[in-house]
There are 2 protein chains.
Amino acid sequence: MTQHKHVTLLQVAKHAGVSRATASLVVRGSKNISEATREKVLKSIQDLGYIYDRVAANLRSKSSSTVGLIIMDLANPFYSELLIGIHQELTKCGQTVILGTTFNSYDTQSRLLSTMLEHRVGGIILFAVPGSKSEVIEQILSWGIPVVLLGRKVPGANCDYVGMDNVMGGQLAVDHLIQKGHRRIAFLGGPSQITSWQERKQGYDNAHHKAGINIDASLVIEGPVTRESGVELIQQILRIPDPPTAVFCYNDIIALGVMMKLKEMGLVPGRDIGIVGFDDIPEAVMLSPKLTTISSFARLMGARAATLLHERIEGLSMEPQRIILQPKLIVRETC
Amino acid sequence: MTQHKHVTLLQVAKHAGVSRATASLVVRGSKNISEATREKVLKSIQDLGYIYDRVAANLRSKSSSTVGLIIMDLANPFYSELLIGIHQELTKCGQTVILGTTFNSYDTQSRLLSTMLEHRVGGIILFAVPGSKSEVIEQILSWGIPVVLLGRKVPGANCDYVGMDNVMGGQLAVDHLIQKGHRRIAFLGGPSQITSWQERKQGYDNAHHKAGINIDASLVIEGPVTRESGVELIQQILRIPDPPTAVFCYNDIIALGVMMKLKEMGLVPGRDIGIVGFDDIPEAVMLSPKLTTISSFARLMGARAATLLHERIEGLSMEPQRIILQPKLIVRETC
DNA sequence: CTGAAAGCGCTTACAG
DNA sequence: CTGAAAGCGCTTACAG
């Protein structure tokens, strides 16, 4: 039963009294093998404790059964949700996931990309770091390895993209705040170099224009995507001469920090100050008051990216796709 | 610059005017290569757009640069934290992580283990599903592939284990509740088949015995590890004739559900009913009132497991280790 | 279904 | 450092 030395397919074949080619067909689940032969081989595999070497098989057949996934930061539940969606979908089609996290570092991303290419992944799902170059993407594509960009576009890169309508999301959020009577609305947090920030800001602008409200640039402050940054930014914005009556946060993580600090200051979100987040992470509903936010359907987004990548790997040659999910305003208690 | 066909090491060698063996030494960073030769080869690699094929190299040299990681559920921040710790540590030593999630399904775990073995991982970190058999572990070990068990022991399996002192954790939690004057303390949630549940329950028992309080079996209800389960269980336990005045939750996820429901019922955790959780997930501090809990140092636990696995892979042959982290009571606002 | 041969891209081992 | 050969474990292609 237990076997200490490495068992190869040839040994299995000998044990079963068939040829190596036949054994190979059996492990790959070929149709043109008689039931009797299949059973003989499977029994030998059991008896010898044989493990199929997918790595060797991939080398010979020039195929791959792995997919690289590069995201920013597991600590943000938004990415966990994304990962869940991707992982579920990819596992369904027999792909194994190689994981990498960049923590927003360009160098880390470069290193991860190299590592994954060296491991001969069949494709890559990339949540790109700010400042990513389209040349890098194009180069990978030119090697025949499909790339699906997730959440953030890379300007100039002509490849598949799955993301959401951030402009619309920003607009929905700010429309709602305006409709609730707010006129001075801050936009807090997030790095302004990335497209999703720019797009949400665009939505913020659009909503103001539509309502005929002038934008006060001092109400827009960027920052890293952490709770700490939220804590910091809300203090900063409340110190200005004419502070905002409501805040649109770049995402829920920022909103978490903002709310923590507000409660500490004795202010009640939703009563004393309006707040809208972005992403609808599971935590949003656990806060009190519950966070009003824009859902970005992270799991679905992940699943879509996985499906798209899988189609590419299967060689369905179509034009680069752009899948843009529509955001949804989830009104809860903070506005 | 850009290259459409697969470039091999032999082509690089020819381009650089050296032998294949020399080129191989360069890509592996060997010391006994002159600086001039190294530069020539590196230039050719650049010019041709060569990608080192780690898969082929691993096949030939019978080594591996990947590690398999099997956990339950990414949606629980406890596992995200674990993953962060593991991932950071493993990346440091040049290992690539292959990820799998079981969602508590034995079959899924079996499938993931097979897949990882077929991918020739150098080792496996396993957060074992309830009901895992020690034979399976022993078999993998017998193939020379180290396994580190994380968080949950598998009875009978003689291999490395990194976890925490759950008995002590349970005891700390319940000691604290007793010291705060509670006498009827519920233990809610978690699957009783897994060792960590049994150990926390043991701690619960110990604290009661130490204080000379009888245990009322009707105060202990198990259940799945979800917020929904927390919501359900707190309702159930408050309906009994003589309800508890405090609750020790199997973990913070359960506590989250419990607190949500209590607040909905108009009860204030910490004032009307005492609550202690387990794990100290980042959310614990974001709740209001903030959750008193037992920290299980997830990131550290992950890092320790990764280091241990790495040592094993390096072939440091020592007795199977048991690393048991000490839990810590974090007193906040719910008790 | 079998059998013998070649090859995937690399490393190993060795004589020079 | 070079060069030629063998081999890691598999698949491919083909004649039988």
Side-chain angles (χ1 to χ4, degrees), chain A residues 3 5-42 44-45 48-66 115 117-122 143-145, chain B residues 3 5-42 44-45 48-66 115 117-122 143-145:
Chain A
Q3 197 76 22
K5 297 264 37 116
H6 235 64
V7 181
T8 73
L9 193 53
L10 185 56
Q11 294 172 43
V12 169
K14 286 207 175 120
H15 185 273
V18 302
S19 74
R20 176 154 59 159
T22 307
S24 176
L25 288 170
V26 171
V27 294
R28 283 179 290 157
S30 162
K31 287 274 161 208
N32 18 351
I33 294 282
S34 72
E35 201 45 49
T37 313
R38 181 191 311 284
E39 302 226 312
K40 250 192 325 190
V41 175
L42 291 178
S44 298
I45 288 176
L48 299 176
Y50 169 72
I51 305 174
Y52 181 54
D53 191 330
R54 208 167 282 280
V55 166
N58 284 338
L59 173 61
R60 181 59 180 92
S61 61
K62 292 173 160 300
S63 60
S64 171
S65 51
T66 57
T115 306
L117 293 171
E118 292 182 358
H119 278 281
R120 291 290 183 262
V121 292
W143 282 319
I145 300 178
Chain B
Q3 198 76 20
K5 297 264 37 114
H6 235 63
V7 181
T8 73
L9 194 53
L10 185 56
Q11 295 173 41
V12 169
K14 286 207 174 120
H15 185 273
V18 301
S19 75
R20 176 152 60 157
T22 307
S24 177
L25 288 170
V26 171
V27 293
R28 283 179 290 156
S30 163
K31 288 274 159 206
N32 18 351
I33 295 283
S34 73
E35 201 44 51
T37 313
R38 180 191 313 283
E39 302 227 311
K40 250 192 325 190
V41 174
L42 291 178
S44 298
I45 287 176
L48 299 176
Y50 169 72
I51 305 173
Y52 182 54
D53 191 331
R54 209 167 281 280
V55 166
N58 284 338
L59 173 61
R60 181 59 180 90
S61 61
K62 290 172 162 302
S63 60
S64 171
S65 52
T66 58
T115 305
L117 293 171
E118 292 182 359
H119 278 282
R120 290 291 182 262
V121 292
W143 281 320
I145 301 179

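Per chain, numbering begins at 1; letters A, B, ... match sequence-line order. Predicted, not measured: the structure shown is a model, and the values here were computed from it.
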Are any of the side-chain heavy atoms of A/Val27 and A/Ile45 separated by less than 4.5 Å?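 Of all side-chain heavy-atom pairs linking A/Ile45 with A/Val27, at least one is under 4.5 Å.
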
Using the side-chain contact (heavy atoms from CB on, under 4.5 Å) rule, take A/Asn58 and B/Val55 through it: C-alpha gap first, then chi angles, then the decisive distance, then the call. CA-CA 9 Å; A/Asn58 284 338; B/Val55 166; 5.6 Å; no

Give B/Ile33 one of three labels, base, sugar-phosphate or nothing, depending on what nucleic acid heavy atoms sit under 4.0 Å from its own.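 Contact class for B/Ile33: sugar-phosphate only.
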
Considering every strand and a 4.0 Å limit on heavy-atom distances, what is the contact class for B/Leu9: base, sugar-phosphate, or nothing?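 Here B/Leu9 touches the backbone only, sparing every base.
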
Do any pairs count as a salt bridge (charged side-chain N to carboxylate O under 4.0 Å, His left out) and have a residue in residues 22-39 of chain B, sequence neighbours left out, and if so which ones?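 Qualifying pairs: B/Glu35-B/Arg38.
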
Taking only residues at least two apart or on different chains, which pairs with a member in residues 49-59 of chain A satisfy salt bridge (charged side-chain N to carboxylate O under 4.0 Å, His left out)?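 Listed by first then second residue: A/Asp53-B/Arg120, A/Arg54-B/Glu118.
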
Report the distance from atom [atom1] of [X] to atom [atom2] of [N], rounded to the nearest whole Å.
X: B/Leu10; N: C/dC10; atom1: CG; atom2: P; value: 9 Å
X: A/Tyr52; N: D/dC10; atom1: OH; atom2: C1'; value: 7 Å
X: B/Leu117; N: D/dG9; atom1: CG; atom2: P; value: 16 Å
X: A/Leu59; N: C/dC10; atom1: CG; atom2: C1'; value: 8 Å
X: A/His119; N: C/dC10; atom1: NE2; atom2: C1'; value: 14 Å
X: B/Lys14; N: C/dC10; atom1: NZ; atom2: P; value: 13 Å
X: A/Ile45; N: D/dC10; atom1: CD1; atom2: C1'; value: 13 Å
X: A/Asn58; N: C/dC10; atom1: CG; atom2: P; value: 15 Å

Test of understanding: with side chain to side chain donor-acceptor pair (under 3.5 Å), list the residues that count as partners of A/Ser19, not counting sequence neighbours.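 A/Ser19 satisfies side chain to side chain donor-acceptor pair (under 3.5 Å) with A/Thr22 once adjacent residues are dropped.
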
Under the side chain to side chain donor-acceptor pair (under 3.5 Å) test, which residues partner B/Thr115, sequence neighbours left out?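 Partners of B/Thr115 under the side chain to side chain donor-acceptor pair (under 3.5 Å) test: none.
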
Nearest-nucleotide wise, let me know which of B/Arg120 and B/Val18 is further upstream toward the 5' end of DNA chain D.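 Result: B/Val18.
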
Just jot down the side chain to side chain contact (heavy atoms under 4.5 Å, CB included) partners of [X], sequence neighbours excluded, or say none.
X: B/Ser64; value: B/Thr66
X: A/Ser61; value: A/Ser63
X: A/Ala57; value: A/Tyr52

Picking from D/dG9, C/dG9, C/dG3, which would you name as closest to the side chain of B/His6?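 Given the options D/dG9, C/dG9, C/dG3, the side chain of B/His6 is closest to C/dG9.
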
Select from A/Thr37 and A/Arg20 the residue whose nearest nucleotide in DNA chain C is closer to the 5' end of that strand.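 Nearer the 5' end of the strand: A/Thr37.
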
If a stem is a run of at least 3 consecutive Watson-Crick or G-U pairs, both distances under 3.5 Å, which stems include DNA chain D?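 If one scans DNA chain D for consecutive Watson-Crick or G-U pairs, the stems found are C:1-3 with D:14-16, C:5-12 with D:5-12, C:14-16 with D:1-3.
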
Output one line per pair: protein atom, nucleotide atom from nucleotides 12-16 of chain C, and distance, for all N/O pairs under 3.5 Å.
| from | atom 1 | to | atom 2 | distance (Å) |
| --- | --- | --- | --- | --- |
| C/dT12 | OP2 | B/Arg28 | NH1 | 2.7 |
| C/dT12 | O4' | B/Arg60 | NH2 | 3.4 |

Any A/Lys62 side-chain nitrogen or oxygen under 4.0 Å from OP1 or OP2 of C/dG7: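 No, A/Lys62 has no side-chain N/O under 4.0 Å of OP1/OP2 on C/dG7.
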
